[in-house]
Amino acid sequence: MLRLKPLPEEKAPENIRHIYAAIKDSFQIPSVPLFFQYIGNYPEYLAYVWSVLSPNIQTEGFHNCCDQIVQISQSAISVIYTPSEPART
């Protein structure tokens, strides 16, 4: 059985950290998603995957879709979320 673990930033070699930094910058997030940490164990594959995904992620259309997803999610939460009693006080 394969026992693959994610490769966190602090344990990643410099070439992987460089890709991780680009991922965080492109997605405008503070940490590397687990998906990328798992494939970080395969540097050549990570580099390939990122080279294919990166141009699409950097488009205005991608970021517009992300903004729409956030707006829809926030709207749905405001409709369906009911705080518990302790949270209301």
Side-chain angles (χ1 to χ4, degrees):
M1 177 183 274
L2 181 63
R3 303 223 186 266
L4 185 63
K5 295 181 180 180
L7 179 62
E9 283 184 85
E10 58 274 2
K11 293 184 179 179
E14 188 60 35
N15 60 327
I16 300 297
R17 285 185 192 181
H18 177 72
I19 296 172
Y20 281 0
I23 291 167
K24 292 189 310 183
D25 185 54
S26 292
F27 284 110
Q28 301 172 357
I29 53 177
S31 60
V32 180
L34 277 176
F35 169 79
F36 294 108
Q37 290 183 37
Y38 275 103
I39 62 174
N41 289 289
Y42 305 95
E44 292 176 0
Y45 184 58
L46 176 63
Y48 169 74
V49 167
W50 185 242
S51 73
V52 172
L53 290 177
S54 179
N56 295 306
I57 292 168
Q58 295 174 7
T59 65
E60 183 179 342
F62 179 85
H63 289 283
N64 288 341
C65 287
C66 290
D67 291 342
Q68 288 177 353
I69 290 170
V70 168
Q71 290 173 1
I72 291 167
S73 300
Q74 290 173 340
S75 176
I77 289 170
S78 69
V79 170
I80 64 172
Y81 175 68
T82 304
S84 63
E85 280 301 318
R88 291 182 191 167
T89 57

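Below, each value reflects all heavy atoms present in this structure, side chains not excepted, and no hydrogens, waters or symmetry copies.
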With sequence neighbours left out, what residues match Lys24 under salt bridge (charged side-chain N to carboxylate O under 4.0 Å, His left out)?
Glu9
Output every pair passing side-chain hydrogen bond (donor to acceptor under 3.5 Å, both in side chains) with a member in residues 56-80, not counting sequence neighbours, ordered by first then second residue.
Ser54-Gln58
Hey, could you give me the CD1/CD1 distance between Ile39 and Ile19, rounded to the nearest 0.5 Å?
9.0 Å
Is Val52 reachable from Phe62 through a run of I, L, V, M, F, W or Y residues, each pair having side-chain heavy atoms under 4.5 Å apart?
yes
When Ile, Leu, Val, Met, Phe, Trp and Tyr are grouped by side-chain heavy atoms lying under 4.5 Å apart, directly or through other members, which residues fall in the same group as Ile80?
Val79
Looking at side-chain heavy atoms only, is the closest gap between Trp50 and Tyr20 below 4.5 Å?
no
Minimum-distance pair of heavy atoms, taken over all atoms of Leu46 and Gly40
CD2-CA, 3.9 Å
Which side-chain hydrogen bond (donor to acceptor under 3.5 Å, both in side chains) pairs, counting each pair once, include a residue from residues 25-49, with sequence neighbours left out?
none
Could you state whether Ile57 and Ile29 fall into the same hydrophobic cluster, counting links through intermediate Ile, Leu, Val, Met, Phe, Trp or Tyr residues with side-chain heavy atoms under 4.5 angstrom apart?
yes
Rounded to the nearest 0.5 Å, what's the gap from NE2 on His18 to CD1 on Ile23? Could you check?
10.5 Å
For the student: nearest non-hydrogen atoms of Leu7 and Pro13, plus distance:
CD2-CD, 4.2 Å
Under the side chain to side chain contact (heavy atoms under 4.5 Å, CB included) rule, collect the residues that match up with Pro55, sequence neighbours excluded.
none
